[in-house]
Each structure stands twice: as C-alpha cells, then as structure tokens.
**Q** 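Below is a structure I'd like to ask you about.
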Amino acid sequence: MEQYAIKGGIPLVGEVEIGGAKNAALAILAASVMTDETVLIENVPDVRDVKVLLQAMESIGAIVKKVDRHTYKINGSQINNLTIEDDYIKKIRASYYLLGALLGKYKKAAVALPGGCNIGSRPIDQHIKGFKGLGASVKIEHGLIVTSAEELVGNHIYMDVVTVGGTINVMMAAVMAKGQTTIENAAKEPHVVDLANFLNSMGANIKGAGTDVIRIKGVEKLHKTEYAVIPDQIEAGTFMMAAAITKGDVTIKNVIPKHLESITAKLIEIGCEIEESDDAVRVVSSKPLQHTQVKTLPYPGFPTDMQPQISVALALSQGTSIVTESIFENRFKYVDELTRMGADIKVEGNTAIITGVSGYTGASVSAPDLRAGAALVIAGLAAEGITVVDDIKYIERGYEDFHIKLKKLGAQIEKITAEKDFSKFRFQAV
Ligand code: EPZ
C-alpha cells in the first residue's frame, strides 16, 4: 500500500502551479458526450476520479482520445449503451453526471444508485425531483436509477437544498428540453458556472449560472467546441493552507483569486499576509496564527472541501476556534488522526471546538477521505519528526502530483510503498 512519508518542520517557499478543477472537469467530461461531434477539452487534471469517469464513458461507447497529459478529445456519436454499471459509481459518485447527460441527449439513461460515502449519506432526491420536473419518469430498479421520457419539457424547478450535483445534473438534462427551464435555489459554485460556460460554447442557451436562478432555453442540439477547464479552487486553497501552517511564503499560480475569497479572508483573519494579482495569490505566514470561527456553506461561503485543511491550521493557532460543518455530517473523521499528532479538538455534533496547541508531533495516520487526507499531509509538513500518511489512494483521487508539487516548495515528502523505502526516507530525512 502506498503512503506518504513526511519529515516536517520546513517552511514551504516558492511557487506552485495549480491544475484544472477536478469537480469542473468531471461535469464537463460527462457533458461532452451530449453532442455527436468531437469535443476538445484542455486543462483536465490527471487524477484518479477523472480516469474512472473516462473509463465509465468508454464503457458505453464514447470515444476518448488522450491528446496529452491534460487534453482529451471526446466523441459521443458511437454511444451504444445507456447504463452505467455499479463498479464505476462505487469508485466515483460523479459517474452519475452521465445520468443527466444521457437523459438530456437520448431521453433515457440508467445509473447504479450511489450509496453514502465516507463523508456522509449523500441523498440524490433533488436530482430525481429535477428530472421528474422535466417530465421524465424515474424508478429505482435492481439497484439502478432508471429514467426515461417521451420528451423533456422545460419547467420551474425549485431545489429544496443547494446542491452542486443536483444543479449540474438538472442543467444537463434541461439544455435540450423543449421550452424554458428555471432552476431556483441553484448552486453557485465555480464548477457550476464552468459547466454552463462549456455547454453554452456547445450551443446551449443558459443564463444566470453563478446566481441562484439559472434560466435555460432548450436548443435542438449541441455542437463541437474547444474548452479549457478552470483552475482548481480547492487544490489552490490546500496549498494556501500549507503555506500558512508551515510559516511559509508561497505564490500559488494559475488561480482565479475571486474563487478563493472565502479562504483568503480567513487566512487574513488568522494572521497571514495575502497578495493577489490577476492569476496568482501569495501567502506569507510570519506571525503566530490566531483563532477564528468557520462555518462551511455553499459558495461563496467557506467550502466544506477546505474544512479539514483550515481545521489543521486552527489547531496550531492561539486560542479556541469553532468550526461548524453544515454540508456533510461525517466530515470530522480526521480529528482522531490529528489528535494522535497532538491536536486538541472536541467534536460535538457538527461542531469542532479546537484549542490551539504549540505544535504537532509526527505519527502514523490514515487518510479517511480525499480532503481530510490532504489535511493530514499538511499537518505532517508542520509536525516535528516524521509522519506517515496511509491510504493515499484517497488523496490521489483529487490531487495531481501532490507530493511532487510540495517537494518543489522545499517539503521533505516521499511516496513510499514498503518498510524498505521508509528506512531509506528516514535515513535521508534525519
Ligand atoms: C460536490 O458534491 C462535490 N463533488 C464535493 O466535493 C463537495 O464537497 C460538494 O459538492 C459540496 O461543495 C463534486 O463536485 C463531484 P451537494 P455533491 O449535492 O454535488 C445534500 C471533493 O472532495 N443533498 O452540493 O455531492 C447533501 O447531502 C468532493 O472534491 C440532498 O439533500 O454535493 C449535502 O448535505 C467531496 N439531496 C448538500 O446537499 C440531493 O439530492 C450539498 O451536497 C443532493 C444533495
């Protein structure tokens, strides 16, 4: 099993390039099969979740051609199967974006019903409500969500909760529906906007993405396009937090600073200096970090996908911080692992009460999920001694070359696979 071995205590210094946004790429790749013409997509991150989605697309007959590490040509004209198997959904929930894409294009699709996952129970009732609102029938049969329609007709759809996946799936189903669809209480995340821009570049007529009311006028069909995925807000935020926690000075390049505002605001509050330019942010951490309050919220609020990383920073900040997780019920699983490194955190329901300590000490810990795994790595970068983070397959779902990028910033981190590698690392690192 692969692990990261980290010798902590070194301030990160230098520049890091952020890749394409995983969560935008997943939606855009799924939507790319909605035309029979060939679509070119650039700035696709080379991460495991993307690879699995591409395999799911190939399994139904889509032609996927890799042009280079970050560029794909997709052609959906040969799709011959409208059922996405359980295996793909088990590996990556976002395969369910193919439900909206295929329903929108072929008026029929079936995808294995996703269960809960490590971060929560994750219902999809709002996706189903949206499809039904467009006139589709939706049934659960033999573990599959089976949806079909004679024709899809635009409608007024009110989302009971703000859902990124629900907004994305319904938007895809509605682009070729007859007439106008209005999605109220829509998610405003950057990747929702990126998908809308992508679909519009294929000939869709979507207005209002990025606000809570999205208006979609159905078009007959979509055509080819060339499109580059936006930079990853969460990868950028993770490096910002790594700079803060290691007392570093890091310029994070190829970002959209506007997408990082909630993270930037919190870093300033806890005592970091931030310089913004058009497509970069520099984080300088030279003073002792201070406590604050954080509540995760849909965009433009503080992202749940950054909650573990900021908690790791707050656990080293002076005073008592309160972190409230309001999106997913199971996102404090890393706390027990962080406690093994010396953190003082008490979780009560959806709130973590964090009493700052003066430092972490290295320990062997396991990544419970993607973002929590990344958070434990940055804790290791600040810890005294050696930390080994297990189960890094989770981290590789969403971070491309994580340890390589950290190494370029001066971190002592290696990917190891066996005790032998570890002894070698320990020998080098001490
Ligand atoms: C997306 O998940 C992201 N995944 C998640 O990123 C992210 O944490 C989440 O949005 C919130 O920002 C992708 O984009 C592929 P939601 P999603 O639907 O779409 C409830 C990562 O680490 N809900 O916005 O599944 C739900 O239970 C991942 O990259 C319903 O009640 O999230 C949650 O409490 C993890 N009914 C809230 O809404 C529904 O039908 C928000 O979930 C749908 C959701």
Side-chain angles (χ1 to χ4, degrees), residues 19-31 45 47-50 52-53 56 88-89 91-100 113-133 138 145 157-172 183 185-195 212 229-230 232-238 259 262-263 295-309 324-331 333-334 350 367-375 394-400 402:
K22 168 190 74 105
N23 289 342
L26 293 171
I28 287 170
L29 288 167
V47 295
R48 196 167 294 170
D49 274 8
V50 164
V52 177
L53 178 69
Y88 299 109
I89 287 286
K91 286 189 190 143
I92 171 206
R93 290 176 59 84
S95 315
Y96 68 15
Y97 286 154
L98 290 165
L99 198 59
L113 182 67
C117 76
N118 291 2
I119 61 172
S121 66
R122 307 186 77 175
I124 60 157
D125 54 304
Q126 298 305 304
H127 306 230
I128 294 175
K129 176 179 169 177
F131 296 152
K132 285 185 173 166
V138 184
I145 319 169
I157 291 158
Y158 178 82
M159 296 286 182
D160 300 324
V161 291
V162 178
T163 151
V164 172
T167 304
I168 284 175
N169 242 337
V170 175
M171 196 154 77
M172 290 195 284
I183 307 176
N185 200 24
K188 296 180 276 202
E189 268 65 7
H191 36 301
V192 171
V193 179
D194 207 31
L195 174 67
D212 46 22
V229 175
I230 51 166
D232 198 305
Q233 174 203 22
I234 306 300
E235 186 194 11
T238 303
H259 294 167
S262 60
I263 301 161
K295 183 173 185 185
T296 62
L297 287 169
Y299 188 84
F302 192 87
T304 173
D305 290 349
M306 283 298 301
Q307 181 265 105
Q309 301 90 316
T324 307
E325 172 55 60
S326 67
I327 310 290
F328 291 115
E329 70 273 19
N330 222 351
R331 252 192 157 167
K333 275 190 169 168
Y334 63 90
N350 69 342
D369 63 68
L370 164 60
R371 306 302 172 186
Y394 288 115
I395 301 173
E396 291 175 340
R397 291 182 64 161
Y399 291 88
E400 176 181 314
F402 194 38

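Remember, it's 1-based here, ligands and their atoms both numbered in the order they're listed. Positions are given from 1, in the same order as the sequence printed here.
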**Q** Under a 4.0 angstrom heavy-atom cut-off, which atoms of ligand 1 come close to K22?
**A**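 Answer, ordered by atom number: 21 (C), 29 (O).
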
**Q** Note the single closest protein heavy atom to atom 22 (O) of ligand 1, along with its residue, its atom name and the distance in Å.
**A**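 Here the closest protein heavy atom is R371 NE, 2.9 Å.
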
**Q** At the 4.0 Å heavy-atom cut-off, does Y97 count as touching ligand 1?
**A**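 Per 4.0 Å heavy-atom rule, Y97 contacts ligand 1.
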
**Q** Looking at ligand 1, does R93 have a heavy atom less than 4.0 Å from it?
**A**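 Not so, R93 does not reach ligand 1.
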
**Q** Does D49 come within less than 4.0 Å of R93, counting only side-chain N to carboxylate O?
**A**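 Between R93 and D49 there is no salt bridge, as every charged N stays at least 4.0 Å from the carboxylate O atoms.
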
**Q** Any donor and acceptor pair, going by atom type alone, linking the side chain of E325 with main-chain N or O of N330 inside 3.5 Å?
**A**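 Flag not set: sc E325 to bb N330 has no pair under 3.5 Å.
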
**Q** With atoms numbered from 1 as shown, which atoms in ligand 1 lie under 4.0 angstrom from a non-hydrogen atom of Q126?
**A**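 Answer, ordered by atom number: 36 (N), 39 (C), 40 (O).
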
**Q** Does the N or O separation between V164 and ligand 1 drop below 3.5 Å for any pair?
**A**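 It does: an N or O of V164 is found under 3.5 Å from an N or O of ligand 1.
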
**Q** Can you see which heavy atom on I230 is nearest to which on A24, and at what distance?
**A**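 For I230 versus A24, the nearest heavy atoms are CG1-CB, 4.1 Å.
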
**Q** Select one of side chain, backbone, both or neither to describe which atoms of V162 lie under 4.0 Å from any atom of ligand 1, heavy atoms only.
**A**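 Backbone only.
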
**Q** For atom 36 (N) of ligand 1, grab the closest protein heavy atom and report residue, atom and distance to one decimal in Å.
**A**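 Closest protein heavy atom to atom 36 (N) of ligand 1: D125 OD1, 2.8 Å.
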
**Q** With distance as the sole test, does N169 use its side chain to make a donor-acceptor pair with the main-chain N or O of G100 at under 3.5 Å?
**A**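 At least one qualifying donor-acceptor pair exists.
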
**Q** Restricting to non-hydrogen atoms, name the atom on I395 and the atom on L370 that form the minimum distance, rounded to 0.1 Å.
**A**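 Shortest heavy-atom separation between I395 and L370 comes out as O-CD1, 3.5 Å.
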
**Q** Run the numbers for me: atoms of ligand 1, each under 4.0 Å from some heavy atom of T304, listed by number.
**A**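 With T304 as reference, the close atoms of ligand 1 come out as 8 (O), 11 (C), 12 (O).
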
**Q** Check each heavy atom of F328 against ligand 1 and say whether those closer than 4.0 Å belong to the side chain, the backbone, both or neither.
**A**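 Just the side chain.
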
**Q** To check your reading of the model: name the closest protein heavy atom to atom 27 (O) of ligand 1, its residue, and the distance in Å.
**A**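 Going by distance alone, atom 27 (O) of ligand 1 is nearest to P123 CD, 3.3 Å.
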
**Q** Considering non-hydrogen atoms of the protein only, which is the closest contact for atom 8 (O) of ligand 1, and what is the distance?
**A**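 Result: D305 OD1, 2.5 Å.
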
**Q** Does the side-chain contact (heavy atoms from CB on, under 4.5 Å) test come out yes or no for R397 and V47, once each step is laid out?
**A** CA-CA 5 Å; R397 291 182 64 161; V47 295; over 6 Å; no

**Q** Considering non-hydrogen atoms only, spot the tightest contact between G20 and P45 and give its length.
**A**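 Residues G20 and P45, closest heavy atoms: O-CG, 3.2 Å.
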
**Q** For R331, take its heavy atoms, then give the atoms of ligand 1 lying under 4.0 Å from any of them.
**A**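 Every atom of ligand 1 under 4.0 Å from some heavy atom of R331: 8 (O), 22 (O), 35 (C).
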
**Q** For the side chain of T167 and the backbone of A187, is there at least one donor-acceptor N/O pair under 3.5 Å apart?
**A**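 Yes, because the side chain of T167 sits within donor-acceptor range (under 3.5 Å) of the backbone of A187.
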
**Q** Between V161 and N185, which heavy-atom pair has the shortest distance, and what is it?
**A**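 That would be C-ND2, 4.0 Å.
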
**Q** Please list, in number order, the atoms of ligand 1 under 4.0 Å from a heavy atom of H191.
**A**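 Near H191, the atoms of ligand 1 are 14 (O).
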
**Q** Should you measure from each heavy atom of I124, which atoms of ligand 1 turn up under 4.0 Å away?
**A**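 Listed by number with element, the hits are 39 (C), 40 (O).
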
**Q** Just checking, is any N or O donor in the side chain of Y399 or R371 under 3.5 Å from an acceptor N or O on the other one?
**A**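 Side-chain D/A pair, Y399 to R371: present.
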
**Q** Considering only the protein, which heavy-atom contact is closest to atom 37 (C) of ligand 1, and what is its distance?
**A**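 Atom 37 (C) of ligand 1 sits closest to the protein heavy atom I327 CG2, 3.9 Å.
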
**Q** Heavy atoms only: give me the nearest A372-P308 pair and the separation to one decimal.
**A**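 Minimum heavy-atom separation between A372 and P308: CA-CB, 3.8 Å.
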
**Q** Is G166 close to ligand 1, meaning an N/O of one under 3.5 Å from an N/O of the other?
**A**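 No, since none of the N or O atoms of G166 sits under 3.5 Å from an N or O of ligand 1.
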
**Q** Do you know which of Q233, K22, R331 makes side chain to side chain donor-acceptor pair (under 3.5 Å) with D305?
**A**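 Running side chain to side chain donor-acceptor pair (under 3.5 Å) over Q233, K22, R331 with D305 returns exactly one hit, R331.
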
**Q** Among N23, L370, L53, T163, which residue places a heavy atom closest to atom 13 (C) of ligand 1?
**A**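 Shortest heavy-atom distance from atom 13 (C) of ligand 1: N23.
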
**Q** Examine the proximity of ligand 1 to Y394 and report which part, side chain or backbone, both or neither, has a heavy atom under 4.0 Å away.
**A**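 None of Y394 does.
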
**Q** Taking E235 for its side chain and G19 for its backbone only, find out whether a donor-acceptor pair lies under 3.5 Å.
**A**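 Yes; judged by distance alone, with no hydrogens or angles, the pair exists.
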
**Q** List ligand 1 atoms under 4.0 Å from R122, heavy atoms only on the residue side.
**A**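 Near R122, the atoms of ligand 1 are 2 (O), 17 (P), 25 (O), 27 (O).
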
**Q** Which atoms of ligand 1 have any heavy atom of G165 under 4.0 Å away?
**A**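 Atoms satisfying the 4.0 Å criterion: 18 (O), 19 (O).
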
**Q** Give the contacting part of V161 toward ligand 1: side chain, backbone, both or neither, where contact means a heavy-atom distance below 4.0 Å.
**A**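 Near ligand 1, V161 shows its side chain, while the N, CA, C and O stay back.
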
